[in-house]
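Quick notes on the structure that follows.
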Amino acid sequence: MTAAIMPDPTRYFEQVERRHDVTAPPVCLYLEVTNRCNLLCETCPRTFEALEPPADMSWDLFTRIVDQAQGVKRAVLHGVGEPMLVAELPRMIRYLKARGVYVLFNTNGTLLREKRFRELIDTGLDELRVSLDAADAKSYAEVRGRPFFDRIVRDVRRMRQVQDEEGKQTPRLSLWLTGLKETIQQLPDFVRLAASMRVREVHLQRLVFDETGFGMARASSSLFEQTAAEELAAIEAAQAIGAELGVTLDASGATEPGLSLKQQGEQPWSGCRRPWSLMYFTAHGRALPCCIAPFSARGYETYTLGDAKTETLDEMWNGPAYRQFRAALMSDAPPKPCQNCGLRWSL
């Protein structure tokens, strides 16, 4: 089976119609293949609170979900854990690619040894996003909690070298940096680092947090609507350096960095299309509204929309929980995970 053609897979959600019920099936699946991780990042909720019991998504649960999603065009194989800890990951990617699905995931890059990245290349994985979050080892250790910076840079550089030598176009590699006041000045050097690694895409990741905050995910670290002149200058300098070195600088959410710093209207949640276009499943099969929800509100039970172990995707997709969630999202009183979405992120 040939791969599905998706001119711009980042914009799969933009044209859906917002209604309480949805006639079209989801076009995107977020599959949290594991909630385990080998890092203790200062911007991640799993570092500071118990979410679900540690687990990898079973093969039976994975195939049960994928086999029901006949219209899916895109699959994202990450959640709150590190996907490369999962032994079945290459098999999962191949299973999706055999169905013509565009497949990607984020990794912290700590496990990208040559044997592993060659295996990923061979699966046909479309996109690999490496969350590095710093331009030097000291800052990396402060954000990520472990001294793995030099190893990750070495392994990603080697992966790109192998791709160039063997003429492999996929997976498309990108580097990601969470936009924090503590690290935004490093953005120009981050772009230079990407160029030195032969990585041609850099993305600024939104900082999302709940009202109490945790670790570095708190209001004092956010850039949203409180960006100082020198921080804006760092972004502009990074864009200029990227243009010179052939590195594209973008913000998460398929926006450019300047636009992502501004609130989009009085009800920023009102533009969201995720509950009409995607389904997110945790490693245990719990259906959540999106990948941002665990960062913006605590208590999975308050925004669970179904259970893939006991319900079909069709039953959930137009069931009472999803319908009520969509209705609330179109109102002046959105669901709790959505209330600060677009307000309390940095980029």
Can you tell me if CD on Glu244 sees more than 12 non-hydrogen neighbours from other groups inside 6.0 Å?
no

Using the side chain to side chain donor-acceptor pair (under 3.5 Å) rule, take Arg286 and Thr304 through it: C-alpha gap first, then chi angles, then the decisive distance, then the call.
CA-CA 7 Å; Arg286 185 192 297 264; Thr304 293; 2.8 Å; yes

Indicate the atoms forming the closest heavy-atom contact of Arg274 with Pro289, along with that distance.
CB-O, 4.3 Å

What pair of heavy atoms forms the shortest contact from Asn106 to Ser131, and how long is it?
ND2-OG, 3.7 Å

Separation of Trp317 CH2 from Arg326 CZ (nearest 0.5 Å):
5.0 Å

First locate atom CG of Asn318, then atom CZ of Arg323, and finally report the distance between them rounded to the nearest 0.5 Å.
6.5 Å

Are a donor atom and an acceptor atom from the side chains of Ser174 and Trp176 found within less than 3.5 Å of each other?
yes

Can you tell me if Glu32 and Thr282 form a side-chain donor-acceptor pair at under 3.5 Å?
no

Got a sec: does the CD of Gln169 have more than 12 other heavy atoms crowding it under 6.0 Å?
no

For side chain to side chain donor-acceptor pair (under 3.5 Å), just list the numbers for Thr178 and Asp133, CA-CA rounded to whole Å, side-chain angles, deciding distance to a tenth of an Å, and then say yes or no.
CA-CA 6 Å; Thr178 301; Asp133 272 353; 3.0 Å; yes

Taking the six-membered ring for Trp, are the ring centroids of Tyr95 and Trp59 within less than 6.0 Å of each other?
yes

Could you go through Ser196 and Arg157, starting from their C-alpha distance and side-chain angles, then the distance that decides it, and tell me whether this counts as side chain to side chain donor-acceptor pair (under 3.5 Å)?
CA-CA 8 Å; Ser196 76; Arg157 181 177 283 130; 3.1 Å; yes

Any side-chain donor-acceptor pair under 3.5 Å between Glu82 and Asn108?
yes

